Amino acid sequence: MGSMDTSELIRSVPTDLFLGGEWVPSGNRATFPVHDPATGDVLAEVADAAPEDAMRALDAAVAAGRDWAATPPRERAELLRTVWSKISERADDFALLMTLEMGKALPESRSEVAYGTEFLRWFSEEAVRIAGRYTPAPAGNGRILVTKQPVGPCLAITPWNFPLAMGTRKIAPALAAGCTMLVKPASETPLTLLLLAQIFAEAGLPAGVLSVLPTSRAGDVTGPLLEDPRLRKLTFTGSTAVGRALAEKAGRSLLRTSLELGGNAPFVVFDDADLDAAVEGAVAAKLRNGGEACTAANRFHVANSVREEFVTKLTERMASYRLGPGTDPDTTLGPLINENQKKTVIELVEDAVAGGARVRLGGETPEGPGWFYPATVLDDVPRSARILREEVFGPVAAVTGFDTEDEAIAAANDTEYGLAAYIFTRDLDRALRVSDALESGIVGVNRGVVSDVAAPFGGIKSSGVGREGGTEGIEEYLETKYIALR
Ligand SMILES: NC(=O)c1ccc[n+]([C@@H]2O[C@H](COP(=O)([O-])OP(=O)(O)OC[C@H]3O[C@@H](n4cnc5c(N)ncnc54)[C@H](O)[C@@H]3O)[C@@H](O)[C@H]2O)c1
Ligand SMILES: O=CCCC(=O)O
C-alpha cells in the first residue's frame with residue numbers, strides 16, 4: 001500500500017477501542033480529542049474507554065491466555081515478523097501519523113518507525129530462544145529442571161513521546177513470551193497504537209491476545225485492573241511521579257512490575273575529548289526527538305579548559321535547527337507536545353536565567369499558535385538552577401563547567417535519576433573508570449545516541465526498575481519454574 005496524505009490517513013486510522021480483538025465503536029460512549037501540537041487543532045475524536053471496557057479486555061486476555069501460551073513459539077514469532085513487515089510497508093503512514101499527533105519533525109518520526117518496528121523483528125527472533133536448564137542436584141539425590149513460562153496477562157501503560165516504539169518495546173516481548181496484553185496508550189497519542197492494533201488484526205492475531213484502550217481517565221481505567229488478581233504484570237513507561245504512584249498500587253497486589261521512568265542525563269566532555277565529535281554527540285543527545293526523550297542530555301558538564309570552544313560550536317550547530325510544523329519538509333525541530341510542556345520549558349529557562357545563566361541561543365518563545373520552543377543553549381548555569389535537577393523535556397542545553405574528573409563524576413551523579421549518561425574522552429582508561437562510577441543504567445561513550453533494540457534499556461535510582469530490549473527484555477515477561485526430579 002502506498003503512503004496517504006494527511007486527511008486520508010486521519011480518516012483511515014481507527015478511533016474505536018480495540019477490545020479483545022474486536023473494534024468497539026464509540027457509539028454512545030464519550031470520546032476525547034487528539035490535538036495537533038503544531039496548531040492546537042483537534043485531529044481526531046477517539047473512543048474513551050471506561051473501567052468496564054478494561055475489565056472486558058482483561059476477561060478476553062485471560063480467556064485467550066492458555067491458547068496463546070501454548071501456541072508454538074515459531075508461530076508467535078512469525079506473527080510478529082508479519083507485523084514488522086506490514087509496518088515497514090506502511091512506514092510513511094506511521095511516520096506521518098506520529099508527526100501529526102506528537103509533533104516531531106518527519107525525519108524523527110521516520111527514525112522512530114525504524115526503531116519501533118525493529119522490536120517486533122528482534123523479539124520474533126527471541127521468541128524461539130526461550131531456554132531453561134537441566135542439572136544434577138549437588139547432593140546427587142535428584143535433578144533440577146528449570147523452565148520458563150509466560151507471566152500471564154499484562155497491562156502496559158505508554159507515554160506520548162515515542163508513540164510506536166514505547167508500545168512495541170512492550171508488546172513484542174510480551175507476545176513473544178506467550179503473554180496476553182492490554183495497552184493503555186497516552187491520551188495525547190493514541191492513534192499510532194490503534195493503527196498498530198489494526199495491523200496485528202490484519203496479520204491474524206487471535207482474539208483477546210492484545211487490546212488497546214485509549215482513555216482520558218487513565219487512573220479510573222487502570223485502577224481496577226491493578227486490583228484484579230488475574231492481571232499478572234504491569235509495565236509502565238512515563239514520568240517518575242506517575243510510575244511511583246502506580247508501583248504503590250501494583251505493590252498491594254504484588255504484581256510483577258517494570259518501570260521505565262524519567263531521566264536527567266549528564267553529558268560530560270573531558271578536556272581530552274575530540275571536540276567536534278563531542279558537539280555532534282551533544283546535538284544528537286539533546287535534539288533527538290526534539291529533546292523529548294528520557295535519554296535526552298539535560299546537563300552538559302564541560303571541562304573548563306575547553307568549555308568556551310565547545311559552547312561556541314554547540315551554539316552554531318543548534319542554531320541550524322529549523323523550528324516549524326513537523327510535516328514541513330524543511331523542519332528539523334517540531335513543536336512540543338502541549339501547552340503544559342511548553343510552560344515547563346519556559347519556567348525552567350527563566351529560573352536558570354534569573355539565577356545567572358547566560359543565554360547563548362534561543363530562549364524566546366515564538367508568537368502564534370502551536371506549542372513551539374526554539375533550540376536553546378544556556379551557559380554558566382548556576383548549581384541552584386532547577387534545570388540541573390528537573391527533566392526539561394525540550395530543546396534546551398544547560399552547560400556548566402568542571403575542573404577535575406572527580407568533580408565531573410560528582411556533578412553527573414548529583415541527581416535522583418539514573419537512566420542514561422554520556423561521556424566524551426579519548427582516554428580508554430578514563431572512559432571505563434568513569435563509566436563504572438556513573439550512577440546510570442546506560443552510558444554512552446563518545447556517542448550521543450545509545451538506544452538499540454539489541455541492548456538492555458533501563459535505569460536505576462528514580463529512573464526505574466527492569467530492562468527493555470536486548471536478550472533481557474523477554475525475561476521481564478517470563479516466570480521461572482523449578483521442577484525437582486528424583
Ligand atoms: N525510561 C524510559 O524508557 C522512558 C521512555 C519514554 C518516556 N519516559 C518518561 O516519560 C515522561 C514523559 O511521558 P508522559 O508525560 O506521557 O508521562 P506520564 O507519566 O504523564 O504518562 C505516561 C502514561 O501514564 C498514564 N497515566 C498518567 N497518570 C496515570 C494514572 N494515574 N494511572 C495510570 N496511568 C496514568 C498516561 O496517560 C500515559 O499513558 C518523561 O518523564 C520521560 O522521561 C521514560
Ligand atoms: O524516551 C525514552 C525512550 C528513548 C529510547 O528508547 O531511545
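Start at 1 and go down the list; that is how both ligands and their atoms are numbered. Side-chain atoms are counted along with the backbone in the values below, which use heavy atoms only and exclude waters and symmetry mates. All figures in this text were calculated on a predicted structure; none of them were measured in a lab.
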Quick test of your reading of the model: are Glu416 and Arg244 salt-bridged, counting only N-O distances below 4.0 Å?
yes
Distance only, no hydrogens: is a donor on one side chain within 3.5 Å (strictly under) of an acceptor on the other, for Ser109 and Thr99?
yes
Ligand 1 atoms nearer than 4.0 angstrom to some heavy atom of Leu246 are 32 (N), 33 (C)
Enumerate the atoms of ligand 1 whose separation from the nearest heavy atom of Phe236 is less than 4.0 angstrom.
19 (O), 22 (C), 23 (C), 24 (O)
Among all the protein's non-hydrogen atoms, which is closest to atom 35 (C) of ligand 1, and how far away is it?
Ala218 CB, 3.4 Å
Can the positive tip of Lys233 be found less than 6.0 Å from the middle of the six-membered ring of Tyr477, inside 45° of the ring normal?
yes
Look at atom 16 (O) of ligand 1 and say which protein heavy atom is nearest, naming residue and atom and giving the distance to 0.1 Å.
Trp160 CD1, 2.9 Å
Classify the angle between the aromatic ring planes of Phe267 and Phe300 as parallel (below 30°), tilted (30 to 60°) or perpendicular (above 60°).
tilted
What are the atoms of ligand 2, with element, lying closer than 4.0 Å to any heavy atom of Ser451?
5 (C), 6 (O), 7 (O)
When rounded to the nearest 0.5 Å, the distance separating OG1 of Thr15 from CH2 of Trp23 is 9.0 Å
Check ion pair Glu439-Lys461 (N to O, under 4.0 angstrom)
yes
Nitrogen or oxygen of Asn161 less than 3.5 angstrom from that of ligand 2
yes
Salt bridge flag under 4.0 Å for residues Glu112 and Lys104:
yes
I'd like to know whether ligand 1 has Glu468 as a neighbour, heavy-atom separation below 4.0 Å.
no
Between the side chain of Arg299 and the main-chain N/O of Ala412, is any donor-acceptor distance below 3.5 Å?
yes
Ala293 heavy atoms, cut-off 4.0 Å: which ligand 2 atoms fall inside?
1 (O)
Would you mind listing which atoms of ligand 2 come within a distance below 4.0 Å of any non-hydrogen atom of Arg288?
4 (C), 5 (C), 7 (O)
Has ligand 1 got any nitrogen or oxygen that is less than 3.5 angstrom from a nitrogen or oxygen of Ser463?
no
At under 4.0 Å between heavy atoms, is it the side chain or the backbone of Phe393 that contacts ligand 1, or both, or neither?
side chain
Does any N or O of ligand 1 fall below 3.5 Å from an N or O anywhere on Ser239, backbone included?
yes
Would you check if the side chain of Arg76 reaches a backbone N or O of Ala176 as a donor-acceptor pair within less than 3.5 Å?
yes
Considering both backbone and side-chain atoms of Leu419, is one of its nitrogen or oxygen atoms within less than 3.5 Å of a nitrogen or oxygen in ligand 1?
no
Using a 4.0 Å cutoff against the non-hydrogen atoms of Met166, which atoms of ligand 2 qualify?
3 (C), 6 (O)
Quiz item: cation-pi between Arg447 and Tyr422, 6.0 Å / 45°
no
Shortest protein heavy-atom distance from atom 1 (N) of ligand 1, along with the residue and atom involved
Leu261 O, 2.7 Å
Shortest protein heavy-atom distance from atom 9 (C) of ligand 1, along with the residue and atom involved
Gly238 O, 3.2 Å
Out of curiosity, is Phe162 lining ligand 1, as in a heavy atom under 4.0 Å away?
no
Please list, in number order, the atoms of ligand 1 under 4.0 Å from a heavy atom of Ala186.
38 (C), 39 (O)
Contact atoms of ligand 2, heavy-atom distance to Tyr115 under 4.0 Å
5 (C), 6 (O), 7 (O)
So CD1 of Ile87 and CG of Leu164: to nearest 0.5 Å the spacing works out to 5.5 Å
Considering only the protein, which heavy-atom contact is closest to atom 3 (C) of ligand 2, and what is its distance?
Cys294 SG, 3.1 Å
Has Arg169 got any heavy atom lying under 4.0 angstrom from an atom of ligand 2?
yes
Donor on one side chain, acceptor on other, Glu101 and Thr192, under 3.5 Å:
yes
Under a 4.0 Å heavy-atom limit, does Thr237 contact ligand 1 with its side chain, its backbone, both, or neither?
both
Can you check whether Phe457 has an N/O within less than 3.5 Å of an N/O in ligand 2?
no
List the closest protein heavy-atom neighbour of atom 31 (N) of ligand 1: residue, atom name, distance to the nearest 0.1 Å.
Gly219 CA, 4.0 Å
Quick check with a 6.0 Å cut-off and a 45 degree axis cone: is Arg288 positioned over the face of Tyr115's six-membered ring?
yes
Polar contact flag, side-chain donor to acceptor under 3.5 angstrom, Thr235-Lys170:
yes
Can you see whether Asp48 engages Ser216 through a side-chain donor-acceptor pair at a distance of less than 3.5 angstrom?
yes
What distance do Phe162 atom CZ and Glu108 atom CD have between them, rounded to the nearest 0.5 Å?
7.5 Å
Among non-hydrogen protein atoms, atom 37 (O) of ligand 1 lies closest to Lys184 NZ, 3.0 Å
At what distance is the nearest protein heavy atom to atom 43 (O) of ligand 1, and which residue and atom is it?
Glu391 OE2, 2.5 Å
Just go through Val242, Thr222, Thr158 and tell me whose heavy atom is the nearest to atom 23 (C) of ligand 1.
Thr158
Please indicate, with yes or no, if any protein heavy atom is found under 4.0 Å from atom 21 (O) of ligand 1?
no
Would you say Asn161 has any N or O atom under 3.5 Å from an N or O of ligand 1, going by distance alone?
no
Counting heavy atoms only, name the option from Arg217, Arg169, Met166 that's nearest to atom 3 (O) of ligand 1.
Arg169
Of the protein's non-hydrogen atoms, which lies at the shortest distance from atom 8 (N) of ligand 1, and what is that distance?
Cys294 CB, 3.7 Å
Residue that, paired with Pro214, satisfies side-chain contact (heavy atoms from CB on, under 4.5 Å) out of Leu17, Asp53, Val183, Leu193:
Leu17
Quick check: closest heavy atoms across Gly326 and Thr331, and the distance to 0.1 Å?
CA-CG2, 4.2 Å
